[in-house]
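Given the structure is predicted, the values throughout are model-derived calculations rather than measurements. For the single chain, residues carry numbers from 1 onward in sequence order.
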Amino acid sequence: MLDQTALRAELADHYDLLPSPEVAEAHADIYAGMKRVVSPPDWAIFAPYVVAINRLKKERNAVILAHNYMTPEIYHGIADVVGDSLQLAIEATRVEADVIVQCGVHFMAETSKILNPAKTVLIPDAEAGCSLAESITAEGIAEMRARYPGAPVVSYVNTTAEVKAASDICCTSSNAAQIVAAQDSDTVIMTPDKYLAQNVARQVPNKNVVWWDGSCIVHERFTAQDLRDFRDLNPDTRIIAHPECPPDVVDEADFSGSTSGIISYVERERPSKAMLVTECSMASNISDNLPDVEFVGPCNMCPYMKKITLEKVLWSLHSLQGAVEVDPVVAEKARISVQRMIDLSQRLAG
C-alpha cells in the first residue's frame, strides 16, 4: 500500500506540482487531445505532472505503455504507446528503453516483464489488479486439462504469469477467434473469460469451445435489456460492445470488438451518436479526435485501471519503486505462450 502522504511530500520537495494556468497554456498542444473531456481547471492541475513525467522519463530512459482504458490525461499526456492488450504486448517486444512504466493493470506489467526480462518494468500501483486474472489459477488450468484430456489451453492475456506458463497459447479479445480456429484440436479450452469464450464459440462453430467460469466486473454488468431500453429511447445511436460482454448483450449491439477494434470501427463509420459498451475512458480518449461523433449512454468504470494516476506514475519514475518481478522458470514458460500468440497473430495478419 502506497503511503500517499509521504509520497506527496517527497514529490513536492523535487517538483513544482502546484496547479498552473501558465504551464497549462504552455502545453496547449498536449491539451488539444483531451480538451473536449478535460476542463481547463483540471488541465491546470494535470499539466505540471505531465511536464514533470515527460521530463523524467527522458532522464530515466523510460517508455510509458498505456492501455486504452487509462484516463485522458495519461492516454494523451504522457503515454508513448497506447493500445489494447495485443498491441501493448507486441510493442513490449520492441522497446529499447531501459525502463518500462506500465499504465494498466498488473498482468500487463507482468507480460512486459516476461517479454523483457533484463529491463526494469514498473507498475505505478501494484494493487491495480484484474477480476479476470484473479478468477483463474494454474491449478484451475490443470483441472480443465483433466476434464478435457488432450485439448489445448488458450488463455486470455488477462491472467497471471503462472496461468500463462500453464497454458499452450495466449489470446486477446482482438485475436481470440483466430487463435482458437488455428488450434489443431476439435475441443479447445478457453480461460478465464466465459463470455469471451461463448462469443468466440459462435464465431468458430467447427470447434467445441469449453471455458472456465470467469468474467470481467466491468463488462458483466451490462444487460441485453439495458441496450434494448437505451435503443428504444435513442434509435439513432450506434451501439458498440466489447466481446467480454455476455453474448445476449453482443447480440443487441451493432458491432463487437476489442478496444482497438472499437476505435477502428468508430473512426471508419463515424456514426452521429455512439454508445461504447465497455470501460468509460474509451469514449473519453477518442472523443477529441472524432468531433463529429457524440458519445452517449452508460458505461462502467474499472476500479483497477483507475488506480493508475499521474501522481503514482511520477512517483514510480522518481523512486523506481514498484518493479515487477517474475520467477525466471515461470517467465520462460509464460514467454512461450505469449510469443506463440504474437507470432501466430502476425502470421495471420500478414
Participant: Using the side chain to side chain contact (heavy atoms under 4.5 Å, CB included) criterion, which residues pair with Asn300? Sequence neighbours excluded.
Facilitator: Val218, Arg221, Phe222

Participant: Have a look at His67 and tell me which of Thr259, Val82, Val105 forms a side chain to side chain contact (heavy atoms under 4.5 Å, CB included) with it.
Facilitator: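 So the option named by the test is Thr259.
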
Participant: A side-chain contact here means heavy atoms from C-beta on lying under 4.5 Å apart; do Val63 and Val99 qualify?
Facilitator: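 When only atoms from C-beta onward are counted, Val99 and Val63 do not touch, as no gap falls below 4.5 Å.
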
Participant: If you measure from the Lys or Arg side-chain nitrogens to the Asp or Glu carboxylate oxygens, is any gap between Arg238 and Asp254 under 4.0 Å?
Facilitator: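 No, Arg238 and Asp254 are not salt-bridged.
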
Participant: In chain order, what residues pass the salt bridge (Lys or Arg N to Asp or Glu O under 4.0 Å) check against Glu143, with sequence neighbours excluded?
Facilitator: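 With neighbours one apart ignored, the set is Arg147.
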
Participant: Within the supplied structure, the quantity of interest is the number of heavy atoms (other residues, nucleotides, ligands) at a distance under 6.0 Å from Lys306 NZ; does it exceed 12?
Facilitator: yes

Participant: What residue pairs, at least two apart or across chains, pass disulfide (SG to SG under 2.5 Å) with a residue in residues 72-179?
Facilitator: none

Participant: What residues, two or more places apart in sequence or in another chain, satisfy side chain to side chain contact (heavy atoms under 4.5 Å, CB included) together with Ala165?
Facilitator: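 Testing Ala165 for side chain to side chain contact (heavy atoms under 4.5 Å, CB included), a comparison that skips the adjacent residues, returns Val330, Lys333, Ala334.
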
Participant: Test: ring pair (Phe, Tyr, Trp, His ring centres under 6.0 Å). Region: residues 255-291. Which pairs qualify, not counting sequence neighbours?
Facilitator: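 Passing the test, one end in residues 255-291: Phe255-Tyr265.
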
Participant: Just jot down the salt bridge (Lys or Arg N to Asp or Glu O under 4.0 Å) partners of Glu25, sequence neighbours excluded, or say none.
Facilitator: none

Participant: Is it the case that over 12 heavy atoms from other parts of the model lie below 6.0 angstrom from the CG atom of Asp232?
Facilitator: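 Atom CG in Asp232 is crowded, with more than 12 foreign heavy atoms closer than 6.0 Å.
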
Participant: For Arg268, check salt bridge (Lys or Arg N to Asp or Glu O under 4.0 Å) against everything at least two apart and list the hits.
Facilitator: none

Participant: Taking disulfide bond (SG atoms under 2.5 Å apart) as the definition, give me every residue that meets it alongside Cys280, ordered by chain and number, with sequence neighbours left out.
Facilitator: Cys299

Participant: Only counting residues at least two apart or in another chain, list the ones meeting side chain to side chain contact (heavy atoms under 4.5 Å, CB included) with Ala224.
Facilitator: Arg228, Asp248, Glu252

Participant: Between Glu311 and Thr309, do the side chains contain an N or O donor and an N or O acceptor separated by less than 3.5 Å?
Facilitator: no

Participant: So which pairs with a foot in residues 285-299 pass salt bridge (Lys or Arg N to Asp or Glu O under 4.0 Å), sequence neighbours left out?
Facilitator: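 Sorted pair list: Arg270-Asp292.
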
Participant: List the atom pairs, donor and acceptor, that lie under 3.5 Å between side-chain atoms in residues 205-212 and the rest of the protein, sequence neighbours left out.
Facilitator:
residue: Lys207; atom: NZ; partner: Gln183; partner atom: O; Å: 2.5
residue: Lys207; atom: NZ; partner: Ser185; partner atom: O; Å: 2.8
residue: Asn208; atom: ND2; partner: Thr187; partner atom: OG1; Å: 3.2
residue: Trp212; atom: NE1; partner: Ser135; partner atom: O; Å: 2.8

Participant: Can you check side chain to side chain contact (heavy atoms under 4.5 Å, CB included) on Ile100 and Asn116, steps first, answer last?
Facilitator: CA-CA 9 Å; Ile100 297 172; Asn116 296 277; 3.7 Å; yes

Participant: How about Gln225 and Asp229: does a side-chain donor come under 3.5 Å of a side-chain acceptor?
Facilitator: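 There is such a pair (donor and acceptor under 3.5 Å, judged by atom type) between the side chains of Gln225 and Asp229.
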
Participant: Tell me, please, which residues at least two apart from Tyr15 pass side chain to side chain contact (heavy atoms under 4.5 Å, CB included).
Facilitator: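 Listed in chain order: Leu11, Leu17, Ala52, Leu56, Leu314, His318.
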
Participant: Ignoring hydrogens, what is the shortest heavy-atom contact between Ala109 and Val121? Give both atom names and the distance.
Facilitator: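 Smallest heavy-atom distance, with atoms named: O-CG1, 3.5 Å.
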
